[in-house]
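These notes concern the structure reproduced below.
A, B, ... follow the sequence lines: proteins, then strands. Residue 1 opens every chain.
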Amino acid sequence: MINITKITKTFNPGTVNENTAIRNLSLTVQEGDFITIVGSNGAGKTTLLNLISGSILPSSGTMYILGNDVTRTPEYKRAAYIGRIFQDPTLGTSGKLSLEHNMNICSRKGFKGLKISLDAKKRQLFREELIALEMGLENRLKDNVGLLSGGQRQALTLLMTVLSRPELLLLDEHTAALDPRNAEIVLSLTQRFVDEGNLTSMMVTHNMKHAIEYGNRLLMMDRGDIILDVSGDEKKNLTVEKLVKKFHEIKQTEYTSDEALLTT
Amino acid sequence: MIEGILVDGLIFAVMALGVFITFRVLNFPDLTVDGSFATGAAVAAMSITNGLGIFPGMLLAFASGAAAGTITAVIHNRLKVPNLLAGILTMTMLYSINIRILGGRANIALLRVDTIISKVIQIGGSIPREWTLLIFMIIFTGIVKILLDVFFHTDMGITLGAMGDNEQMVVSQGVNPKAMKVIGVSLSNGLVALSGAMLAQYQGFADANLGVGIVVQGLAAVMLGEFLFRSNKIGMLTIQVIFGAILYKALMFFGRYYGYYINLTPSDLKLLTGVLVIVSLVVAKTRKNIGSRKRGIQ
Ligand SMILES: Nc1ncnc2c1ncn2[C@@H]1O[C@H](COP(=O)(O)OP(=O)(O)OP(=O)(O)O)[C@@H](O)[C@H]1O
Ligand SMILES: [Mg+2]
């Protein structure tokens with residue numbers, strides 16, 4: 001599905017602000033994978049998703065998605081098969097437009113022509129789809145999305161993203177701005193949509209519990225690279241304690257090898 | 001008098017609708033308008049005096065405005081310069097181009113030629129001139145408004161509506177935001193030029209300086225309209241712009257005719273327009289603050 005080979009991203013190269021956010025990272029994602037990604041602030045998680053979605057281009061390395069070389073493909077073209085949800089609930093929808101207009105934009109990917117496709121039939125379809133969220137939004141098609149709560153808005157974004165039938169779903173701390181109850185609702189919706197559509201997904205989270213509970217594979221990132229990659233049974237048997245211990249083990253070996261380098 | 005203000009306002013409203021598209025829908029403050037308004041006037045005037053015909057002339061005026069808008073959007077997209085600068089560049093270049101269109105002159109009179117205005121008055125027969133024109137302008141601006149409303153109900157129009165608010169969302173849906181900007185800015189300037197074409201025929205001449213300061217006037221009209229009522233329906237928003245344009249013209253009329261009591265001269269009207277925009281901004285800001293305080297934000 002995704003083949004990333006030795007990708008590096010350096011921001012502001014050649015200046016005092018030079019900063020390598022992704023360092024020689026390689027990653028292969030299988031179709032149907034649901035990957036959770038953890039790592040401390042600044043580890044490069046968002047940058048990795050930005051590189052995959054194409055909102056930034058790599059300094060070096062190659063990237064293949066669905067067998068195509070997309071290393072230099074602009075974001076809007078990749079968006080044809082990528083669905084993306086951000087931490088900020090306002091980024092996925094337009095608050096100035098009504099619910100039905102938002103849903104209409106997302107009902108089909110790609111360039112929009114001069115057709116008036118929003119009709120009674122489509123509205124009915126939207127209503128039926130909104131029922132799945134169990135938030136009463138099916139009665140608010142004409143309301144501006146700006147009137148919705150953050151949780152409602154994020155749930156709507158999720159629904160719209162899934163309805164546009166992406167092949168790959170990128171979630172960047174998409175429940176971090178929500179209260180615990182709404183976060184649970186949006187997360188279980190995520191799980192349901194991923195299962196129903198058998199979507200390949202990558203989910204960044206700071207919640208270790210969620211990272212372990214969801215998905216079939218877990219990546220831990222640190223300083224621009226993947227330092228831990230667990231899947232299968234090992235992932236199933238993971239606990240927060242084991243994960244934290246592993247993290248320290250890796251960090252420890254790193255420090256000792258650094259020290260070794262310094263002393264020799 | 002009242003008919004005169006209404007006709008003035010309705011011609012002006014077509015321009016204000018263009019300003020509404022860039023400033024409000026696209027969130028692309030476009031200053032091309034100051035040049036493209038005169039371009040529309042010049043192209044229509046030259047087409048008519050050279051015998052191309054009234055309707056082809058006005059269509060050509062619309063197209064020339066759209067071309068000017070495309071240039072601004074492309075400068076912004078390709079060279080990654082801020083939209084304000086892109087607009088100023090085009091506007092400046094248009095000043096020279098407008099004089100070239102006018103055949104090296106700064107203005108041209110539309111005397112002794114048929115214009116849309118003289119045709120309409122002919123059709124009106126015994127109805128008083130001003131009333132005929134008023135009915136005609138209501139129909140004309142009404143049609144422009146309805147066409148715009150229909151456009152904003154198409155998939156493309158709805159997507160344009162999201163552009164100014166959330167470009168990321170538009171990109172995420174696989175739409176090229178640069179293409180959307182070209183479409184929006186050119187449509188806007190097409191309307192602006194059409195309004196210029198109409199004004200040239202109404203006042204009987206086209207002038208290279210016709211559009212100086214007009215973008216701020218259009219913005220004033222848009223902002224005045226926004227005070228009238230609140231709505232999220234595009235049909236209501238375009239009505240707001242039209243009412244705002246008429247209101248603006250009425251205010252300017254009173255400024256011109258009764259301003260001398262407070263020592264106001266016609267040359268003070270631009271100052272007045274600027275103050276009007278500033279006051280509108282202050283009022284809008286205070287309203288917003290009160291609104292968010294009520295909702296417990298901030
Ligand atoms: N546009 C940018 N310009 C310059 N530096 C950037 C840019 N985006 C990210 N960085 C830097 O790249 C590094 C990785 O940032 P990134 O946002 O990917 O971290 P993250 O793992 O998502 O962290 P968080 O958990 O805080 O979201 C940071 O040092 C950050 O400052
Ligand atoms: Mg991040």
Side-chain angles (χ1 to χ4, degrees), chain A residues 50 53-55 73-86 88-119 122 142-147 149 153 156-157 160-161 163-166 169-170 172, chain B residues 20-21 23-28 77-78 80 146-184 186-187 222 226 230-237 240 288 291-292 294-297:
Chain A
N50 280 338
S53 72
S55 61
T73 309
E75 182 178 13
Y76 78 91
K77 284 191 182 151
R78 295 190 209 183
Y81 43 82
I82 296 178
R84 189 162 186 211
I85 304 179
F86 300 87
D88 180 353
T90 62
L91 279 178
T93 43
S94 167
K96 253 178 29 182
L97 297 185
S98 62
L99 240 97
E100 57 177 23
H101 282 173
N102 268 285
M103 293 186 77
N104 193 57
I105 293 175
C106 300
S107 60
R108 194 181 54 82
K109 292 259 196 190
F111 189 75
K112 310 285 189 281
L114 286 172
K115 220 177 108 192
I116 300 184
S117 69
L118 185 60
D119 54 13
K122 214 164 173 187
K142 303 268 179 200
D143 279 2
N144 270 14
V145 167
L147 297 171
S149 74
R153 215 165 154 170
L156 176 68
T157 304
M160 296 193 324
T161 307
L163 289 180
S164 64
R165 308 228 162 280
L169 190 60
L170 302 177
D172 193 356
Chain B
F20 166 75
I21 292 175
F23 277 72
R24 284 296 185 260
V25 178
L26 263 186
N27 199 6
F28 185 118
N77 285 343
R78 294 275 153 182
K80 308 221 181 323
I146 290 167
L147 286 177
L148 258 189
D149 291 350
V150 171
F151 172 72
F152 279 111
H153 278 95
T154 64
D155 294 352
M156 182 191 280
I158 293 173
T159 310
L160 207 61
M163 263 298 288
D165 185 34
N166 191 348
E167 191 171 326
Q168 178 62 53
M169 171 194 181
V170 174
V171 176
S172 297
Q173 291 314 315
V175 179
N176 185 352
K178 292 177 176 170
M180 294 312 286
K181 282 181 188 168
V182 170
I183 292 167
S186 61
L187 174 63
V222 170
E226 283 165 355
R230 278 181 171 283
S231 174
N232 67 349
K233 296 217 165 38
I234 187 68
M236 284 304 178
L237 295 177
Q240 274 186 348
K288 204 169 161 190
S292 49
K294 268 188 195 151
R295 274 179 277 125
I297 308 166

Looking at residues at least two apart in the chain, or sitting in another chain, which of them share a salt bridge (Lys or Arg N to Asp or Glu O under 4.0 Å) with B:Glu167?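 B:Lys181.
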
Hey, which of [options] has the most heavy atom pairs under 4.5 Å with chain B?
options	answer
A:Ser164, A:Pro166, A:Cys106, A:Gly54	A:Cys106
A:Leu118, A:Thr161, A:Leu97	A:Leu97
A:Ile82, A:Thr157, A:Asn102	A:Asn102
A:Arg78, A:Glu75, A:Arg108, A:Arg84	A:Glu75
A:Ala80, A:Ala79, A:Ser98	A:Ala79

By a 4.5 Å heavy-atom criterion (distance strictly below it), what part of A:Phe86 contacts chain B: side chain, backbone, both, or neither?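 Contact with chain B is through the side chain of A:Phe86 alone.
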
Against chain B, label A:Thr90 side chain, backbone, both or neither, depending on which of its atoms sit under 4.5 Å from a heavy atom there. backbone

Does [X] reach the main-chain N or O of [Y] with its side chain, forming a donor-acceptor pair under 3.5 Å?
X	Y	value
B:Asn166	A:Thr93	yes
A:Lys112	A:Gly110	yes
B:Asp155	A:Asn104	no
A:Asn144	A:Lys96	yes

Examine whether an atom of B:Ile183 lies under 4.5 Å from a heavy atom of chain A, and if so say whether it belongs to the side chain, the backbone or both; otherwise answer neither. side chain

Which atoms of B:Val170 come close to chain A, meaning under 4.5 Å heavy atom to heavy atom: side chain ones, backbone ones, both, or neither?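 For B:Val170, no heavy atom lies under 4.5 Å from chain A.
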
Taking every non-hydrogen atom, the tightest pair across B:Met156 and B:Met180: O-CE, 3.6 Å

Most contact-rich option vs chain A, by heavy-atom pairs under 4.5 angstrom, among B:Asn232, B:Asn176, B:Val171, is B:Asn176

When rounded to the nearest 0.5 angstrom, what distance separates NE2 in B:His153 from NE2 in A:His101? 5.0 Å

